[in-house]
Amino acid sequence: MARLGKAFGMKTIGVNRSGKPVESIDHLYDLDHLLVAIPGADYIVSVLPSTDETKGLLQKEHFKAMKESAVFVNIGRGDLINDEVLIDALDAGELSHAILDVFDREPLGKGHPFWRMENVTVTPHLSSKSGEYLPRTFAIFEKNMREYLRAGKDFTNVIDLSRGY
């Protein structure tokens, strides 16, 4: 996301566990300083995985810290936020819009308020979909299978069970 933002001349702010530099991020904060990072953002884009650390991470105070003109985009996992917290923040004008590709409960129920809210865009959980998704996935699988068959250890996209992804 940051790389694409930079292509459009955006200043990019990031938040991660360590605060260590990441390519295409102009300024990086560690997770403990999330509330410091949020007020400077025009767009808050979450690509976070679902872990014990991220479930319910965004609370009322995070939305109160956003610019009223901010747009929140969630293409990570739906359990990052309680729906009611986001609905209340949108109703209170604490941010201008939410673009939601993921939800705590999927599929999103027919009667859910998000469907009726003019300041919410609902997308069908396809933010990662592209013509390159399957070819890239198969290339990683093939590389890892070759590595496994030769008893190697140089795998791509290794899951770290202690981190939860």
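All figures in this text were calculated on a predicted structure; none of them were measured in a lab.
- Using a 4.5 Å cut-off on side-chain heavy atoms (C-beta onward), E53 and L57 make no contact.
- Under the 4.5 Å side-chain heavy-atom criterion for ILVMFWY residues, no single connected hydrophobic cluster contains both Y43 and I25.
- The side-chain heavy atoms of L31 and V15, taken from C-beta on, include a pair separated by under 4.5 Å.
- Note that the NE2 atom of H97 and the CD atom of E118 stand 10.0 Å from one another [nearest 0.5 Å].
- Pairing each heavy atom of S46 with each of L80, the nearest pair is OG-CD2, 3.2 Å.
- Between S96 and S69 the shortest heavy-atom distance is OG-O, 3.1 Å.
- Aromatic ring orientation, F72 versus F63: perpendicular (interplanar angle above 60°, classes split at 30° and 60°).
- Closest approach of S24 to A2, counting heavy atoms only: O-CB, 3.6 Å.
- Listed here is the closest heavy atom pair of L35 and A65: CD2-CB, 3.9 Å.
- Among the candidates L48, N82, L34, the single residue satisfying the side-chain contact (heavy atoms from CB on, under 4.5 Å) test with L58 is L34.
- In this structure, CG in L28 is found 4.5 Å from CG in N16, a value given to the nearest 0.5 Å.
- Cluster annotation: V122 is not connected to V45 through the hydrophobic network of ILVMFWY side chains, with a link wherever side-chain heavy atoms come within less than 4.5 Å.
- Contact between D79 and S50 at its shortest, heavy atoms only, is OD2-OG, 2.5 Å.
- Between K60 atom NZ and I81 atom CD1 the span is 11.0 Å, to the nearest 0.5 Å.
- Side-chain contact between D42 and V71 is absent, with no heavy atoms from C-beta onward closer than 4.5 Å.
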For a side-chain contact (heavy atoms from CB on, under 4.5 Å) check, start with the C-alpha distance between K6 and D26, then their side-chain angles and the critical distance, and finish with the verdict.
CA-CA 9 Å; K6 297 300 289 178; D26 295 320; 2.7 Å; yes
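- Under a cut-off of 6.0 angstrom, the local environment of CG in L126 is crowded, with over 12 non-hydrogen atoms contributed by other residues, nucleotides or ligands.
- The local environment of CE in M117 is crowded, with over 12 non-hydrogen atoms from other residues, nucleotides or ligands closer than 6.0 Å.
- For the atom pair CE of M66 and CD of E61, the computed distance is 11.0 Å after rounding to the nearest 0.5 Å.
- Residues M145, Y148, L149, F155, V158 make up the rest of the hydrophobic cluster containing F141, defined by ILVMFWY side-chain heavy atoms closer than 4.5 Å, directly or through other members.
- Within 6.0 Å of CZ on R105 lie no more than 12 heavy atoms contributed by other residues, nucleotides or ligands.
- D52 contributes no side-chain N or O that, together with a main-chain N or O of K55, makes up a donor-acceptor pair within less than 3.5 Å.
- When the side chains of ILVMFWY residues are joined at heavy-atom separations under 4.5 Å, either directly or via intervening members, V102 and L108 end up in two distinct hydrophobic clusters.
- Taking a 6.0 Å sphere around CD of E23, one finds it holds 12 or fewer heavy atoms contributed by other residues, nucleotides or ligands.
- The closest side-chain heavy-atom distance from V47 to M1 is below 4.5 Å.
- The cluster map of Ile, Leu, Val, Met, Phe, Trp and Tyr, joined by side-chain heavy atoms under 4.5 Å apart, puts I44 and V36 in the same cluster.
- Note: K143 NZ to D154 CG = 4.0 Å, rounded to the nearest 0.5 Å.
- Note: Y165 OH to I159 CD1 = 12.0 Å, rounded to the nearest 0.5 Å.
- Counting only heavy atoms from C-beta outward, the side chains of L86 and V120 never approach each other to under 4.5 Å.
- Heavy atoms only, all atoms of each residue included: S127 and I75 are closest at OG-CB, 3.4 Å.
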